[in-house]
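Before any comments, here is the structure.
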There are 2 protein chains.
Amino acid sequence: MWGTDLDVPTIPREQCPVSDFFIRMGDKWSLLTLALLRERSYRFNELNRAVDGISQRVLTLTLRGLERDGFITRTVHPTVPPSVEYALTELGLDFMDQVNTLAMWALGRHADLTAARTRYDHPGRP
Amino acid sequence: MWGTDLDVPTIPREQCPVSDFFIRMGDKWSLLTLALLRERSYRFNELNRAVDGISQRVLTLTLRGLERDGFITRTVHPTVPPSVEYALTELGLDFMDQVNTLAMWALGRHADLTAARTRYDHPGRP
DNA sequence: CCGGATCCAGCGGGATACTG
DNA sequence: CAGTATCCCGCTGGATCCGG
């Protein structure tokens, strides 16, 4: 990454064309939110309840970021009281497919990681 | 994710079998370090110079984490002065293959993201 | 109902100095 | 050379109150 394929990092990270996606991968709330929106569209407070443990402020920030990067759309319905609907875009869906592929791989490799971790934490042991 | 496939998050994140890998994906220094180690093994100060901008402390922490999770090996050569060699494991290599696959996809989608971002930052514009 | 504004605590991470 | 130890600061994220 950082260039085309296996390039050594030469570009500042902000200019790296793929880092935006990697940052999303590592972001806890983004993935949780997108996972929900993959099934159906949600309203704000719906998400606030469904995404367990998230604060109102952080949910707002997360949604803004996702909208800005084109992962989701934000539709305001001019009703009283107001209703805002969040939905996945095609890019967001494509992204989640990547996440899923990765998750499948990670699931198969999970045992190796925990084994290594146990070995590291308890040196000299069966 | 969070379960098998598209499950809604029910498990605490610490117990999610795949989150460890996703966190790595999002970690700046881990990816940079692993990218270097993919080509060849490195010594500590070599990495400290090659991974531009990283501090000694954070490099140490990063390497410890990667070693603990079985991505890299740490070999101490009992010479004077001491020499420590870091190298990629099979798991680490496999992981980097995933990273690469993802990077290829991200490269193709980069234009969509920046386009969305421009649209968001400059509303009402060609 | 959907947020924006504010205040505050925790900690990740940088800089520096010191050892085996 | 390869770290560990210490200090310190900025930013993230939680809680709360307020407004459209």
Side-chain angles (χ1 to χ4, degrees), chain A residues 9 12-14 19-20 22-34 36-37 40-69 71-87 120 123, chain B residues 9 12-14 19-20 22-34 36-37 40-69 72-87 120-121 123:
Chain A
R13 202 190 189 211
E14 296 69 36
S19 64
D20 294 310
F22 280 90
I23 291 171
R24 286 278 171 224
M25 284 278 170
D27 185 44
K28 183 180 173 183
W29 301 121
S30 290
L31 289 196
L32 281 171
T33 306
L34 291 174
L36 286 168
L37 290 176
R40 62 176 179 89
S41 63
Y42 274 78
R43 298 177 52 182
F44 184 84
N45 275 354
E46 243 183 336
L47 281 174
N48 203 28
R49 282 186 297 270
V51 183
D52 185 69
I54 198 172
S55 70
Q56 202 178 39
R57 197 178 81 98
V58 175
L59 177 59
T60 301
L61 293 175
T62 302
L63 291 172
R64 289 288 174 277
L66 291 173
E67 186 196 358
R68 187 169 110 96
D69 286 353
F71 289 95
I72 63 173
T73 58
R74 177 177 181 271
T75 313
V76 182
H77 296 102
T79 58
V80 270
S83 165
V84 181
E85 186 185 351
Y86 293 95
Y120 186 91
Chain B
R13 201 188 190 212
E14 295 68 37
S19 63
D20 294 311
F22 280 90
I23 291 170
R24 286 278 172 223
M25 284 277 168
D27 186 44
K28 182 180 173 182
W29 301 123
S30 290
L31 290 196
L32 281 171
T33 306
L34 291 174
L36 286 168
L37 291 176
R40 62 176 177 89
S41 63
Y42 274 77
R43 297 176 53 180
F44 185 84
N45 274 355
E46 243 184 335
L47 281 174
N48 203 32
R49 282 186 297 271
V51 183
D52 185 67
I54 198 172
S55 71
Q56 203 176 38
R57 197 179 80 98
V58 174
L59 177 58
T60 301
L61 293 174
T62 302
L63 290 171
R64 289 288 175 278
L66 290 173
E67 185 195 359
R68 187 169 110 96
D69 286 352
I72 63 173
T73 57
R74 177 177 180 272
T75 312
V76 182
H77 296 102
T79 57
V80 273
S83 165
V84 180
E85 186 185 350
Y86 292 94
Y120 186 91
D121 293 340

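Within every chain, numbering begins at 1; the chains are lettered A, B, ... in the order of the sequence lines, protein sequences first and strands thereafter. Computed over heavy atoms, backbone and side chain alike; hydrogens, waters and symmetry mates excluded.
For the atom pair B:Phe44 CZ and B:Leu59 CG, the distance stands at 4.5 Å (nearest 0.5 Å). Interatomic distance, CD1 of A:Ile54 versus CG of A:Leu47, reported as 8.5 Å (0.5 Å rounding). We find the CG-CD1 distance between A:Asp27 and B:Ile23 to be 10.5 Å, quoted to the nearest 0.5 Å. If you take CG on A:Leu37 and CZ on A:Phe71, they are separated by 12.5 Å, rounding to the nearest 0.5 Å.
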Produce the list of close N/O pairs, under 3.5 Å, pairing protein atoms with atoms of nucleotides 4-12 of chain C; give distances to one decimal.
from	atom 1	to	atom 2	distance (Å)
C:dG4	OP1	A:Arg64	NH2	3.1

When you look at B:Arg57 and B:Leu61, which way does the side-chain contact (heavy atoms from CB on, under 4.5 Å) test go after all the steps? CA-CA 6 Å; B:Arg57 197 179 80 98; B:Leu61 293 174; 4.1 Å; yes

Show, in sequence, the C-alpha distance, side-chain angles and deciding distance for A:Arg24 and A:Leu34, and conclude whether the side-chain contact (heavy atoms from CB on, under 4.5 Å) test is met. CA-CA 10 Å; A:Arg24 286 278 171 224; A:Leu34 291 174; 5.6 Å; no

Could you walk me through whether B:Ile72 and B:Arg74 pass side-chain contact (heavy atoms from CB on, under 4.5 Å), step by step? CA-CA 7 Å; B:Ile72 63 173; B:Arg74 177 177 180 272; over 6 Å; no

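Among all heavy-atom pairs drawn from A:Glu46 and A:Ser41, the shortest one is OE1-O, 4.5 Å.
The NZ-P distance, from B:Lys28 to C:dG13, rounds to 9 Å in whole Å. As a whole-Å value, the separation of B:Ile54 CD1 from C:dT16 P is 17 Å.
The outermost nucleotides of DNA chain D lying under 4.0 Å from heavy atoms of chain B, listed 5' to 3', are D:dC1 to D:dT6.
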